[in-house]
Structures are given as structure tokens and as C-alpha cells.
Amino acid sequence: MVPADHGQGEPPLHVAGRAQPVDEDHGWLPIPAIGMVQIHPIEVEVARPKLGHGRLPLPPDALPGATSPARPLALPPGPSLCRTSLLCWVMRDRPRVRMAPSPTGYVHLGSARTMLYNVLFARAQGGRVVLRIDDTDLGRSEPEYEQAIFDGFHWLGLDWDEGPDVGGPHGPYRQSERLDLYREHAVRLLQSGAAYRCFCTPEELAAERAEAERRRRPYRYSRRCLVDPPRYRQEFAVRLRVPEGETTFTDLVRGEIRVENATIGDPVIVKSNGWPTYNFASPVDDALMEITHVFRGEEHLPNTPVQLMILDALGYRRPQALIHLPVIVGKDRKKLSKRHHPEVRLGLYQELGFLPEALVNYLALLGWNPGTDQEIFSFEELVRAFDVSRVQRASAMFDWDKLEWINGQYIRRLSDRELADRLRPYLADLPEETVTAAAPALKERLPYLGRASELLAYLRTPPAPPELDPEQREMVRAARERLEEVDWAPGPVESALEELRRERGWSRGRLYTPIREAVAGRVSPPLHYTLALLPRDEALARLRRAAG
RNA sequence: GGCCCCGUCGUCUAGUGGACUAGGACGCAGCCCUCUCAAGGCUGAGAUCGCGGGUUCGAAUCCCGCCGGGGCUACCA
């Protein structure tokens, strides 16, 4: 049985196996690391996808009732084999994924998520992660931002196998160091007629655009320089000559996407300064670096046809799979942006004291879900659970409350020792012993570490002495006397206070409230901590000041 | 405007024609616990599944139309 349209010359992928694990209703066999595969009573066969086409064709003799897969498949590159056995195994090339940020500012939260999905996918498949710096924007790229990218990803615990800092066989990994490569490819396109020189000035282009705007027509480059290039001009850019027809591809999240080429104007691929544009450099590098799966934000979806045209014109294989992740939006339902959303900046979370593993957990759930009720995942669990076919299509709204909740969950799971260590930078003005002693009391009260400081503000600033009635003054005085001869630690302080309370028959609320007000103000950690965290003399002085 | 994508509680989502009186989580409300604040436990409110047509004995799930939202429309990435 040979499926209808497997790629020319591409050997079909044979997946033979017992029909035992078959989902009878659909005729699909789930194969780990591949996805759902069409099953036949005894034998399973899958077409090797054409380059970049991951959808599984329905075999001519499919089981009755079989339908096309709800989601397209991620099929492995290279020869794939699955042998008859109760346990199905698959031999295939290792996937290669890439993260390609541009060093034009702080690290974007969306980049962090894209990196995360890349890493989760690669780790689960035994693939490699490539970090490439897309610094072709001379005006905005700054070397110091590159370090911010490294730091940000490292902070999250997301590492890469190849990159500008660690090297690798496909380098260099900065686009600014690959200019010769792009030049070479541009020449090829020029020679084959797939691209042409454009001498138009920015002013002329602006005029064209304005004219289109005025006539309320969609703007596309006029191809003036293709038809009738001006003479005597020296400066030029290079444009791709968009071929006729349509471009189709399969996105693993969205399925088949089809775009009429006529709706795309000839894009510039080499700027007049000789540098490539993103749309040119990116696909060339993806091909040269043998990237198999491209994860990126949905905002790149409209770029994809252009990039595929370039690949086609160059005779390169398309990446095996494209995965466009839903954009992350703010409360206003707009894409997170520097201007309107302070929460885009990855560094913010580090500064406020979110635990990187908690942020990773939250980000994983923003646009993906495991299909179970599990909300808290270790990194290893995420690697195991992550499945591209469960990535959402609709954009995801960033939810600060849920992030805080997840972060709180992680904080509470820390040991006292660990929490104290992590807290130290956020309480740098406090003695180390104080931080260590405070950790247990803080644990259940912190949405993020940066809050510790305000919870312990009374250590630095004494409260205004409270107004107490005579009975309360007596309580505070008695407490102070009792505390004078007690070991200064939460445990003994608590015992002493409880003893006093029982002796006098005072309720906790009545005794503790005036003490708390005298020592810390309205809200503070449990009273024995509140007291013991303060130096004994200071605590007693505050009690004396309130009640004599 | 054009092209593309998307549309289930406020939010993240489960759901792939009957088990859906639409499930979970965050948030919200109430109660319990309690020395304040938290944490934790319990209970609850909250979704005419964007709208309108169809197909079907039966639709959140399939089809068509509409509406709404978003992304892109740079010699930015």
C-alpha cells in the first residue's frame, strides 16, 4: 500500500505493528514522539511528508470511517522505521530547533516562552537547540543586549547546544558574522532571476505607498525596477521576485495555510546597506543550520510564505515543521509590547523575585496545556508532558494573579534553608541570621520574594505607639516582663507568651493584638516571629514605650 | 483598506456528534481554621459554548453566512 501523495523519491515511512493499541474509533495509532499515525489492521503506513508538509494523507484504502487527522502531524526527518513489535520503536534523525532573538533590548516574555517550547521539544526528542542572534538591524542591535539574552535564558534554566557563546558546527551564530553567506545567496537569486535590484529611493517608495493609500488600494511594490530600472543610480536594494501561484504550508498548530502569492508585494531581501533583511537571513540560516522545526510567535505567520519562497527559489528543503505559537496579550488584548506592558520584560520577574522554575511553569501553561488537571510541573515533567499538538491557537492573556499563585506554590515547596538563601538578595540590609530566622514565617506569605521586604518593614521602622486601654497596657507590661528572661527565639517566646496567657486567662486575640500593635503595627508575621526577629532590646523597648 | 489567524465562565483551559444539568485551575464571594496577614479546607456565584442559519433523532463539537478580536501589511525582527 502506498499512500496517494508521498514526496517524489521520498521513501515512505513504514510503521508496522500490532494493531493492539489502536483507537478503534479513529484508526489512529499514537506513536510516542511522532503523534497519531493512520493504522491498518496489521500494517501502518505513513507518507513521508514533502518538505515542510506535515499533514498525513488519507491512504486510498483507509479503514471505513477514518478521517483526516484533526491536527497535522510532526513527522521525523530522515529515514524512519517502526518495526513489528508490541513496543513500537522509531529510528530517526534528531530534530534541530533554534531560537533566534534579536538583541534590540530587554528579553521579551514571549521570547522566553518560545525558547521554553523549543527546549521542551528538543529535550523530549533528543534534539539539539541552537541559539542564533539575529542582529541584522544595525540601528537597534546592541552587543550588550546579547548578554541580556544569555543571562535571561540561563536564569530560566534554558540552555542551548550551539550558539555564539558555546560555538558549534554550524557557526557563526551571529547573523552579523554571516554576511558573506547572505551575499552569496543573494547573488544566486539574482543570477537565477528570482530576485532583482531595486533602485527606488525611500521617498519614491513612500510616495507609492501614499498613493495607494489615497486610492484606498492595498499597497504592493510596483515592480518599477523590474520592468524599467532607472539608469545611473548607484544605490540599490535587492527584492525577491514573488512568483505566481500560491504558497501553501502546514503549521503544526493551525493546519494547512494557503496564501495567494499575488497578495504579496516583492519583499526587500538585501537592504541598500548590504545587510540582509530578517525575511532573507532567517530562512537561509535555518536551512544552512539544518533546522528541522521552527517555533516562533504567531506574528511571523505572514512572513512564512515569503521565507518559503526564498527557500524554494534557492532549492533548499523547507523546514520539516513550522509551529506558530499564539501571541501573549495584555489586559487590553493587545500583543505584549514595551510601550504599553511593563510585564513584557523578562528581567522584571527576576527583580521582583519570581522563582525561575515557577515562571517556566507558568509560561508553559500560557498557550499550552497537558490535557490533564496538573498545574504544577517540574521541568522534567514538562519535558515529558509537552506535546506540540496541544498548543493553543487563540492568543493567551497574561494573568498576573495566576503567575503569583504558581510562584507561591513553588515558594511553599522550598525548604527553609533554600528559601533563606533565595531571600538573601532581597533582604540585603538585614543580618543573615535574621533572614534565616524569618524564612519559615515568610514562606506562606510571599507571592514573590520581593515582598519579603515590606512584610519585615517593622524591623527597620518602629510603628507609632498605639493607643491602649488600661487593661491592654497591663497585658503588654506583663508580656514584657515575662520576655525579659526568655531565650530570644520564636519557640521560647511563644511558650512564654502562651504560659502567661494561660496563667491570666487571657484569650490569644486579646493578648496578642496590643503586643503586635506595639511592636510592629497592624499586620505582621505570627507574633512569636514578629518579636524574635527583632533584636531583644529593641523589642522590649517598643513594648516599654507602648505600656511603660 | 488588504492578507492571514483566532473566538467555551473575568482569565488560563478540558471538550473532536449522545456519559455536558459544559469539567478543572486562577481570581471573586461566603464559611471553617485562626493572634493580624497569609496558607490550608469546604461551599458558592460565574459560560444562552461570539451570533444566525442549516445537516442530524441528537451539535460546544460537522457545513454555510455574519459579527467580533488579534497579527501582519518597513531597506524592524
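What you are looking at is a predicted structure, and each value in this text was computed from that prediction instead of being measured. Residue numbers begin at 1 in each chain, while the letters A, B, ... track the order of the sequences.
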For nucleotides B/C5 and B/A45, find the distance between their P atoms and express it as a whole number of Å. 40 Å
Round to a whole Å and report the spacing from CG of A/Leu511 to C1' of B/U34. 15 Å
Is a side-chain donor-acceptor pair under 3.5 Å present for A/Thr304 with A/His324? yes
Kindly say if A/Asn369 contacts the phosphate of B/A14, meaning a side-chain N or O under 4.0 Å from OP1 or OP2. yes
My understanding is that a pair needs two contacts under 3.5 Å, Watson-Crick or G-U wobble. By that rule, which nucleotide pairs with B/C66? B/G50
Give the minimum heavy-atom separation between A/Ile149 and A/Pro103, together with the two atoms involved. CD1-CA, 4.0 Å
Counting only side-chain nitrogens and oxygens, does A/Thr136 get under 4.0 Å of the OP1 or OP2 atom of B/A77? yes
Could you list all N or O pairs between the protein and nucleotides 8-12 of chain B that sit under 3.5 Å apart?
from	atom 1	to	atom 2	distance (Å)
B/U11	OP1	A/Arg333	NH2	2.4
B/C12	OP1	A/Met397	N	2.9
B/C12	O2'	A/Leu365	O	3.1

Here the residues of residues 295-306 of chain A within 4.0 Å heavy-atom distance, strictly under, of RNA chain B are A/Glu298, A/Glu299, A/His300, A/Leu301, A/Pro302, A/Asn303
Do A/Trp368 and A/Leu120 touch side chain to side chain, with heavy atoms closer than 4.5 Å? no
Starting at the 5' end of RNA chain B and moving along, which residue's nearest nucleotide shows up first, A/Asp332 or A/Pro218? A/Pro218
Name the residue from A/Phe398, A/Tyr349, A/Phe377 that meets the ring pair (Phe, Tyr, Trp, His ring centres under 6.0 Å) definition with A/Tyr362. A/Phe398
Do we see a donor-acceptor contact under 3.5 Å between the side chains of A/Tyr448 and A/Arg451? yes
In Watson-Crick or G-U wobble terms, both distances under 3.5 Å, what is the partner of B/G40? B/C32
Between A/Glu260 and A/Gln175, just flag the one whose closest nucleotide in RNA chain B comes earlier from the 5' side. A/Glu260
Within residues 195-209 of chain A, those residues having any heavy atom closer than 4.0 Å to RNA chain B are A/Cys200, A/Leu205, A/Arg209
Ignoring hydrogens and geometry beyond distance, is a side-chain donor-acceptor pair present between A/Ser395 and A/Arg333 at under 3.5 Å? no
My understanding is that only residues two or more places apart in sequence, or in another chain, count here; which of them pass side-chain contact (heavy atoms from CB on, under 4.5 Å) with A/Ala437? A/Leu533
Look at the side chain of A/Arg393 against the base of B/C6 and say whether a donor-acceptor pair falls under 3.5 Å; ignore hydrogens and angles. no
Test item: side-chain donor near acceptor, A/Tyr182 and A/Asp285, under 3.5 Å: yes
Pairing partner of B/G10, by Watson-Crick or G-U wobble and under 3.5 Å for both distances, is B/C26
Rounded interatomic separation in angstrom, taking CZ from A/Arg258 and P from B/C5: 11 Å
Round to a whole Å and report the spacing from CH2 of A/Trp275 to P of B/A77. 10 Å
What integer number of Å spans the P atoms of B/C49 and B/G10? 13 Å
Tell me whether A/Arg318 forms a cation-pi arrangement with A/Phe249, defined as NZ or CZ under 6.0 Å from the six-membered ring centre and within 45 degrees of its axis. no
Look at the rings of A/Phe354 and A/Trp400 and say which category their plane angle falls in: under 30° parallel, 30 to 60° tilted, over 60° perpendicular. perpendicular
P atom, B/G65 versus B/G27: distance in rounded Å? 42 Å
Gap in Å between the two C1' atoms, one belonging to B/A14 and one to B/A19, rounded: 15 Å
I would like to know whether A/Leu403 and A/Leu359 meet side chain to side chain contact (heavy atoms under 4.5 Å, CB included); could you show each step before the answer? CA-CA 7 Å; A/Leu403 204 214; A/Leu359 184 56; 4.0 Å; yes
Distance between the C1' atoms of B/G52 and B/C67, in whole angstroms? 10 Å
Output the rounded distance in Å from OH (A/Tyr219) to P (B/A74). 8 Å
For A/Glu204, give me all partners under side-chain contact (heavy atoms from CB on, under 4.5 Å), at least two apart in sequence or on another chain. A/Cys200, A/Thr201, A/Arg224, A/Arg233
How close do A/Gln175 and A/Ser282 get, heavy atom to heavy atom, and via which atoms? NE2-N, 3.9 Å
Tell me which nucleotide, if any, is Watson-Crick or G-U wobble paired with B/C3 when both distances must be under 3.5 Å. B/G71
Distance between P atoms of B/A39 and B/A59 (Å, rounded): 44 Å
Same-atom distance (C1') from B/A29 to B/C20, integer angstrom: 26 Å
What's A/Lys331 touching, base or sugar-phosphate or nothing? Going by heavy atoms closer than 4.0 Å. nothing
Side-chain donor-acceptor contact under 3.5 Å, A/Tyr219 with A/Glu208: yes
B/G69 phosphate, OP1 or OP2, under 4.0 Å from A/Lys335 side-chain N/O: no
Starting at atom CD of A/Glu498, determine the distance to atom C1' of B/U34, rounded to an integer number of angstrom. 12 Å
A/Asp285 CG - B/A77 C1' separation (whole Å): 13 Å
Separation of atom CD1 in A/Ile257 from atom C1' in B/C6, rounded to whole Å: 11 Å
Across nucleotides 35-50 of chain B, 5' to 3', mark each nucleotide with B, S or - according to how protein heavy atoms within less than 4.0 Å reach it. BBBBSS----------
Who is the Watson-Crick or G-U wobble partner of B/U56, with both distances under 3.5 Å? none
Minimal non-hydrogen separation, A/His108 against A/Leu336, with atom names: CE1-O, 3.1 Å
A/Arg220 (side chain) donor-acceptor with A/Gly265 (main chain) under 3.5 angstrom: no
Which one, B/A77, B/A14, B/C6, comes nearest to the side chain of A/Tyr278? B/A77
Using the ring centroid of each side chain, check whether A/Tyr196 and A/Phe236 are separated by less than 6.0 Å. no
From CZ of A/Phe377 over to P of B/C26, roughly how many Å is that when rounded to an integer? 14 Å
Take atom C1' in B/U55 and the same atom in B/C62, then report the distance between them in whole Å. 8 Å
